[in-house]
Each structure stands twice: as C-alpha cells, then as structure tokens.
Amino acid sequence: MDLSLYNTLTRKKEIFQPITPCHVGMYVCGPTVSGESHLGHARPYITFDLLYRLLTHSGYKVRYVRNITDAGHFEEEGREAEDKISSKAILEKLEPMELVTKYTNLFHWAMRQFNNIDPSIEPTATGHIVEQIEMVKKILAEGYAYEVNGSVYFDLRKYATDFAKVSPYGKLSGRILDEMLETTRDLDGQDEKRNKADFALWKKAPAEHIMRWPSPWGDGFPGWHIECSAMSRKYLGDEFDIHGGGMDLQFPHHESEMAQSSVCHGGKIMARYWVHNNMITINGKKMGKSYNNVIKLTELFSGDHPLLDQPYNPMTIRFFVLQSHYRSTLDFGNEGLQSAEKGLERLMRAVERIDKLPESLISTFEVFKFRDKCWEAILDDLNSPILISHLFDAVKAINSIAEGTLKITSEDKKLLKETVDTFVFDILGLKMAAGGNNADRDRLNQLVSMMVQLRTEAKARKDYATSDQIRNQLAGMGIMLKDTKEGCEWEISD
RNA sequence: GGUCAGUUGGCCGAGUGGCUAGGUCCCGGUCUGCAAAACCGGUUACGGCGGUUCGAGUCCGCCACUGACCUCCA
C-alpha cells in the first residue's frame, strides 16, 4: 500500500514516491536554541518523528536532517537588528555558545522524554558558516543578490520574474508577489534594499555584535533562511524528498529557502513534498512568545504553571498530540490532557494483557482486518487519530477475550501482539511508563507480591478488615490492587 | 486591509453525500465481600439561512463568528 502525504506545494494529497528508490531524504526545521522549548515545539518533532518511524518501518533508508539554529536570527523591533542568541546571552550573562549549549541540551532532553528518535544528522548553523557564505557567493554570481554596505540581499523582483515558470515565488505560501512587494512592513536595513520584500542573505555585524564571522563582505552573520538552504543542500543534495516544519514557517522562511536554492540549483525546487504541521493553541490562540501564553516543557512535566491542574507525563503529551491530525490545530486544555492520560493508560494496560490471553480453537476477532485498517489509516496522510481509534477497537477486543466473550486462536494472538506492538511502539512511538532501576523494580515487585499473598490469605478467612487495610495502604503508596478472575493484579504508578 | 483555514455532543477530537468514529466525562446494568478494573447498555452533535439531491455535518451560495499567515515563530 502507498503512503499519501498532503503536499503544501500542490495543496493536495499525493502518493509518496522517493526520488531514489528505497531512500528518503527528509529535512525538518529545528529549534532556535535561544530559550527553553515549549509545548508548541512538541508538535512538529513528534509529527516528523511519526513520519520518520513510519518511513523507516516501511523499509526506507531515511536520512533525517534536523538543524539547530544557533546563530543568525534577527530580532526586529523596528530598531536595530539584533542576533537573538547574542542578545539573550547578554541577558543571561553567558557566552553565546554557553547559552546555545544549555538550550540545545535541554531540547535534546525533551526530545528523549517524548521518545523521539534522534535525527540522522543534526547540523548547526554556526558549524556551517562556510557553506552559507559559499551559497551567498553563488547567488551573487548568478545575479540574484546585491551587496550594500557589507550586507547582501536577495533580489526578489528579479528572481520572481526570471523564475516565474520554474519556481514561482509565493507558490508555497499562496501569496501574490506584487502585494508582498508593497505590504511588507518596515524592517531594519530597509533603505538599503531595492525592494521592500528583499530579504537578507548576509548581514553586516554592528561593532557591538558578539556573534560575527569574516566574509568577503566584511564581518557579519548569516540571514535566517540561508542556513536551511545550505545545510539541506550539503547533506541531502540539490533536490530531496521531504521538507517539513511548522505551518508558521511557510512564509517567509520556506518560501525564501526555496528561492535561494532554486537559484543555486538551476531552477530545481529543493524538495518534492512540503509537509507542515498545524499549531497548538491555548484558549484558541497560537502558543507563542508574543502572545504571552507559553507553557514550557519543563513546566508541563512538573505541573508548575498557573494554567496546569497537574503535571503531565511526556507520553501523555505525545499521545495527546497524536490523537489529533497533524494538519489541524490542537487546543491545549487540562481536560483534554487528562482524558488523553486516561486513554493512554487503558491502551497500555490492554497491550500488556495480550500475552496472558486465553487461546481458543477459533477466533471471533478479525485480526487481519484490524491490521489492514491500521495501515490504511496511518498511510492516509498520517491519520494517527483514526489509527488510535482502531487501536481502541483492539483494546475492547483484548479485554473481551480476557473476559471470555470473544475468542482468539494462538496464531491470531501472535499476529495481534505483533500488530499492536508495531503500531503502538514502533510507529506511534509510545512507551510504557517505567521508573527506577531494574533491581529496585524487582525488589518492589517481590514485596508487593508478598503483601498480595497475605491479603489473599486474609480474604480467604474472610478477614476483610485486614485485606482492606493492605489494599488501602498500598493504594496510598500508589500501588493499585485489582481482583480479577485470575487472581489479584497490581499496578505501580510512578 | 489582503490571503488562507476552521466552526462537530460537557471536554478533546476524526470523518464524510445514505450504516456507531475514537478517547474522556455522566447515567444504568453485569461481575465482586466491598472497591477498582473490565464488559454490556444509555444520554448529548455536526455555527445560521437558503439551494442542489431520493437523501447533506458532508456539495454550492450568502451571512455570522474564530483563528493563522502577511513581522521572529514549531
């Protein structure tokens, strides 16, 4: 079966076909490490982790490149151009690289919490200054950029005219060039530009600017868009398969990347499939610094934020994100997160039950059909919510088999286990909550087992006072006992 | 102001021209010493007004509202 993906460039779902059979090149715009990651950052990286896992599981050899933006971002406030990293470094009294390392480490920690698989290559902007300068030189040589006072700007009007047929500017974000040329707000260096919408490829560094590199045009730093063009080209080539990122990057970032790359690659469009995830909202508004409604990931995990009723496990957040389609907005809320928490718990409990299910000579649950439905869902433009709804059908079936109202053969049970493991763990990337080291865990289990044994004996002699006391006290420690037909089961919550 | 997207049940969130999405919550039942879990059943829905159609949340038009992008952004 084929994977279909919604391509922002064509505005429709397309069957995914890699440029080189069995190989996929995927570039995803990574974070700017000038601050702590927030809930909004969770979405793209979980979404593209899902895509990466799906492609890998489907047998593709995937090169997944995700950059770290550690230089070159401007903070434009109508005044002077500032480098986001260096301005934050001054604020935190850190060396720029110290700051970058701090937030990069935090970002990596958060990605691990979410069980996101590391990208194949994680290039940094500061590590690719040479490549960026080379690219700017190439664009200058081609005649699509001009230098003014040590800064280099992209000549948008010339590009738009010459490349109208091959790679029209505005196609990706669906806007009209003439309007853009007029409506762009006043930015720094506006007087240097031939057209208001021209964007910087290289900026001259003012004297007080800390992060600066020598270039043919004097000391300066790269423009925002050039890093992704240069790094994707270096590791994935002139033309690669998938370019991903948040919807808010469509314009101007991706549009400009495309233009720069097209100039350098003889009009070739840098990527075939452009995949964009939608935003996480909070009370209906996009989560972002400028809206003052940011919940940092550390706050989410600790529950330490006025908007949070409780701490949330990273897996709960992953599940919450996967329960919505990546192209829809997802509204944050305690109720939604709590229902995701409960649902995930139920799903995981059922997954754990599969091995213990009684086997019969016949099956009354159609495992093949279930498996096919799961594939159909996820291959249809990553429809994880539908996939999850099918998984809950399986949850119901698993519980019914345990109850004895449904039956399954040992062969089907194996397939069921295999299918559930594939989708829950390999593709959705969920994992069981586990705390403590193994030795501690073993000891704890033995201890609980002993208490349960004592309680079972108390129950047998109808000493309910003792049995309830054991159950209640264990409950107080977060150990829940459940009497089932097969005996007493327990669960340790972390 | 321009461009685009959305408006689904208490909450989150899919889908789609005709059959229960799913989760969570709430109510009733089964099981159980009780509880929990599980299972069974039930309740609440497609922004408004017109149109197309045998049939529309689903297609078309208008209106209302919300949001995103147009500026750093995931």
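Every chain is numbered from 1 and lettered A, B, ... according to where its sequence line falls, protein lines coming before strand lines. Small disclaimer: the values here were computed from a predicted structure and weren't measured.
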Heavy-atom contacts, protein to nucleotides 22-32 of chain B, under 4.0 Å, summarised as B (base), S (sugar-phosphate only) or - (none) per nt, yield SBSS-------
Counting only side-chain N and O atoms of [X], is one of them less than 4.0 Å from OP1 or OP2 of [N]?
X	N	value
A:Ser328	B:rA14	yes
A:Asn383	B:rA14	no
A:Lys286	B:rA68	no
A:Asn277	B:rA74	no
A:Tyr326	B:rA14	no

Looking at every strand, decide which applies to [X] at a 4.0 Å heavy-atom threshold: base, sugar-phosphate, or nothing.
X	value
A:Asp331	sugar-phosphate
A:Arg461	nothing
A:Gly40	base
A:Arg349	sugar-phosphate
A:Met480	nothing
A:Met247	nothing
A:Gly284	sugar-phosphate
A:Leu481	base
A:Ile280	base
A:Ser37	nothing
A:Thr405	nothing
A:His38	base

Between the base of B:rA35 and the side chain of A:Arg471, is there any donor-acceptor pair under 3.5 Å? yes
Using heavy atoms to find the nearest nucleotide of RNA chain B for A:His41 and A:Val395 separately, return the residue whose nucleotide is more 5′.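 Nearest nucleotide further toward 5': that of A:Val395.
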RNA chain B: A:Asn399 or A:Gly30, which has the more 5' nearest nucleotide?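 Taking each residue's closest nucleotide, the earlier one in sequence belongs to A:Asn399.
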Looking at A:Tyr153, I'd like to know if the NZ or CZ of A:Arg194 sits under 6.0 Å from its six-membered ring centre while staying within 45 degrees of the ring's axis. no
Test the A:Arg327-A:Tyr6 pair against the cation-pi criterion, namely NZ or CZ under 6.0 angstrom from the six-membered ring centroid and within 45° of the ring axis.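 Because its charged atom sits under 6.0 Å from the ring centre and within 45° of the axis, A:Arg327 does stack over A:Tyr6.
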Only one of A:Trp109, A:Tyr312, A:Tyr45, A:Phe301 clears ring pair (Phe, Tyr, Trp, His ring centres under 6.0 Å) with A:Phe114; which? A:Phe301
Roughly how many Å apart are [M] and [N], using the [atom1] atom of each and rounding to a whole number?
N	M	atom1	answer
B:rG17	B:rG6	P	15 Å
B:rC40	B:rU20	C1'	15 Å
B:rU24	B:rG1	P	44 Å
B:rA56	B:rG18	C1'	10 Å

Is a side-chain donor-acceptor pair under 3.5 Å present for A:His108 with A:Glu122?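 Yes, because at least one side-chain N or O of A:Glu122 sits under 3.5 Å from a partner of the opposite role on A:His108.
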Given 3.5 Å as the limit, does a donor-acceptor pair link the side chain of A:Asn115 with the main chain of A:Met315, or not? no
Per atom distances to the A:Pro252 side chain, the nearest of B:rG33, B:rC70, B:rA74 is B:rC70
Heavy-atom count check: over 12 atoms from other residues, nucleotides or ligands less than 6.0 Å from A:Lys204 NZ?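 No, the 6.0 Å shell around NZ holds no more than 12 heavy atoms from other groups.
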Do A:Ile46 and A:Asn116 come within less than 4.5 Å of each other through their side chains, counting heavy atoms only?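 Side chain of A:Ile46 against side chain of A:Asn116, heavy atoms only: contact under 4.5 Å found.
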